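Numbers for residues simply follow the sequence, beginning at 1. Quick caveat, the model's predicted, so the values are computed rather than measured.
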Amino acid sequence: MNQRFRIAGLTVAALLIAGCGLFGDDEDELKPAELVDIEATIDVKRLWSAKIGGESEFLRVALRPTGDGARVYAASPDGKVTAFDPETGRQIWRTDLDLALSAGPGNGEGHVAVIATDGIVILLDATDGTQKWRADIGGESVSQPLIEDDTVIVQTIGNRLQALSLFDGQPRWSIQRDTPPLTMRGSASPVAVGSVVVAGFDSGRLLAAEIESGTVVWDILLSPPQGRSDLDRLSDIDGALAVVGQDVYAVGYQGRLAALASESGQVLWSRDISSYEGVAADWNSLYTIRDEGELIALTRRNGTEIWRNDSLLRREPTLPIPFATTVVVGDLEGYIHFFNAIDGAAVAREKLGGKAITSEPFVMSNRVYVQSDGGQIGAYAIVDDRPKRTQPDVMQDE
């Protein structure tokens with residue numbers, strides 16, 4: 001069974017185990033797709049790599065690199081938070097929190113936030129890693145904390161969205177939503193759009209709330225539950241949300257991918273696509289992963305499909321992240337795949353150790369940073385060594 005499921009109660013656990021047969025009896029159908037050789041058409045270079053801490057051994061956690069332009073931040077499951085020089089990989093500071101971490105880092109306003117498995121939020125100074133405060137949010141979180149203005153916003157797997165003061169960690173407001181009997185293990189990381197925060201929930205609901213007050217601006221059901229059993233009615237919004245301008249893009253498990261107006265929650269368009277990884281966006285296109293690992297690109301304007309690529313079926317690919325002319329995807333064996341953003345063709349492949357990559361890559365400037373479950377981070381760039389002409393050739397009459 002996929003480790004993404006978390007189960008509420010022994011009765012539901014029995015239901016889920018009994019439901020395993022629904023996925024088919026042919027063992028070959030459940031095996032990850034074998035990678036085939038590709039002819040690299042771009043030159044990808046690993047610029048640096050570093051060990052950030054211990055491995056992730058059990059359930060997936062929401063630990064992924066982030067940055068603020070001057071530094072790249074990464075956290076390990078065994079409680080180490082590190083800041084790196086993005087150009088050289090030189091360690092600027094490291095703080096050992098002596099706690100098991102499940103989410104982060106989030107960064108903003110000169111601070112870095114991480115969340116421990118026991119529901120403790122820790123805020124650090126981004127300059128030197130000095131600890132500023134700790135706050136108990138009363139539940140596990142596997143979504144990246146959001147720092148916006150003077151507020152730290154976190155979301156627990158118990159479907160509670162909370163705001164804490166950036167200055168002392170004191171609670172400001174919270175929003176609680178119902179939790180279905182059976183849900184996927186995960187939570188969508190909240191995102192800021194202007195003065196509001198947008199968050200998704202296990203019930204298939206998506207809402208926007210004022211960052212300052214917590215007042216709910218709109219609340220919609222993006223992915224209505226369907227079917228008779230709890231398994232059939234899973235409709236979680238657990239994957240990444242994307243924002244471009246004033247438009248928000250979200251996708252639910254066994255639901256749909258939709259574009260929404262951030263000020264009203266009005267659905268601008270939608271497509272029947274199921275994903276628990278979420279959606280990523282560049283200026284023109286959207287990218288997502290279907291449940292079995294098929295990559296899909298859509299136009300951002302109206303959701304028209306551009307291309308599909310099924311070469312990573314059942315390899316548990318991460319969300320495709322736009323990077324230069326490509327989208328970048330990690331997989332369960334530590335491979336990093338680069339696909340052409342225009343047509344979905346594979347253009348390069350690298351490997352970061354032998355452990356799975358379960359968190360999506362992070363792009364900053366002209367580099368992409370990837371973290372593996374083995375506690376390693378790598379920085380990559382697309383290298384163009386072709387000679388460039390500074391002036392056009394000119395024919396002259398003799």
Original post:
Around Arg301, counting heavy atoms of other residues, nucleotides and ligands shown, do more than 12 lie under 6.0 Å from its CZ?
Top reply: no

Original post:
Is the backbone N or O of Gln155 less than 3.5 Å from a side-chain atom of Ser141, with the two atoms forming a donor-acceptor pair by type?
Top reply: yes

Subject >> Heavy-atom donor-acceptor pair, Thr304 side chain to Thr299 backbone, under 3.5 Å >> reply: no

Original post:
Would you say Arg349's side chain and Ile38's backbone share a donor-acceptor pair under 3.5 angstrom?
Top reply: no

Original post:
Side-chain contact, heavy-atom cut-off 4.5 Å: Thr156 with Val154?
Top reply: no

Subject >> Partner residues of Glu212 under the salt bridge (charged side-chain N to carboxylate O under 4.0 Å, His left out) criterion, sequence neighbours left out >> reply: none

Subject >> Inter-residue atom distance Leu101.CG - Ile120.CD1, 0.5 Å rounding >> reply: 11.5 Å

**OP:** Test Trp133 against Val121 for side chain to side chain contact (heavy atoms under 4.5 Å, CB included), laying out the working first.
**Re:** CA-CA 8 Å; Trp133 50 256; Val121 180; 4.0 Å; yes

**OP:** Indicate yes or no for a side-chain donor-acceptor contact from Lys51 to the backbone of Gly374 under 3.5 Å, with no hydrogens or angles considered.
**Re:** yes

Original post:
Do Asp219 side-chain atoms and Arg205 backbone N/O form a donor-acceptor pair below 3.5 Å?
Top reply: no

Original post:
Does CD1 in Ile342 sit with more than 12 non-hydrogen atoms of other residues, nucleotides or ligands closer than 6.0 Å?
Top reply: no

**OP:** Give every residue pair that meets the ring-ring contact (aromatic ring centres under 6.0 Å, His included) criterion with at least one member in residues 138-163, sequence neighbours excluded.
**Re:** none

Subject >> Sidechain-backbone polar pair: Trp173 side chain, Ile211 backbone, donor-acceptor under 3.5 Å >> reply: yes

Name the atoms and distances for all side-chain donor-acceptor pairs under 3.5 Å in residues 258-268, with sequence neighbours left out.
{"from": "Ser262", "atom 1": "OG", "to": "Gln246", "atom 2": "O", "distance (Å)": "2.8"}
{"from": "Ser262", "atom 1": "OG", "to": "Gln246", "atom 2": "OE1", "distance (Å)": "3.2"}
{"from": "Ser264", "atom 1": "OG", "to": "Gln266", "atom 2": "N", "distance (Å)": "3.2"}

**OP:** Please determine if Asp43 and Lys45 form a salt bridge, counting it only when a charged side-chain N lies under 4.0 Å from a carboxylate O.
**Re:** no

Original post:
Which pairs count as salt bridge (charged side-chain N to carboxylate O under 4.0 Å, His left out) when at least one residue sits in residues 112-132, sequence neighbours excluded?
Top reply: none

Original post:
Can you list every pair that meets ring-ring contact (aromatic ring centres under 6.0 Å, His included) and has a residue in residues 69-91, with sequence neighbours left out?
Top reply: Trp48-Phe84

Original post:
Parallel, tilted or perpendicular: which describes the rings of His337 and Tyr335, with under 30° parallel and over 60° perpendicular?
Top reply: tilted

Subject >> salt bridge (charged side-chain N to carboxylate O under 4.0 Å, His left out) contacts in which one or both residues fall within residues 322-334, not counting sequence neighbours >> reply: Arg315-Asp331, Arg315-Glu333

**OP:** Give a yes or no on whether Asn302 atom CG has more than 12 heavy-atom contacts from other residues, nucleotides or ligands under 6.0 Å away.
**Re:** yes

**OP:** Decide yes or no for Phe362 and Arg64: does some side-chain heavy atom of the first lie under 4.5 Å from some side-chain heavy atom of the second?
**Re:** no

**OP:** Tell me, with the steps shown, if Arg308 and Asp310 meet salt bridge (Lys or Arg N to Asp or Glu O under 4.0 Å).
**Re:** CA-CA 7 Å; Arg308 293 190 180 212; Asp310 64 0; over 6 Å; no

**OP:** State whether the number of non-hydrogen atoms from other residues, nucleotides or ligands found under 6.0 Å of Lys351 atom NZ is greater than 12.
**Re:** yes

**OP:** Answer yes or no: is there a donor N or O on one side and an acceptor on the other, between the side chain of Ser76 and the main chain of Gly375, under 3.5 Å?
**Re:** no

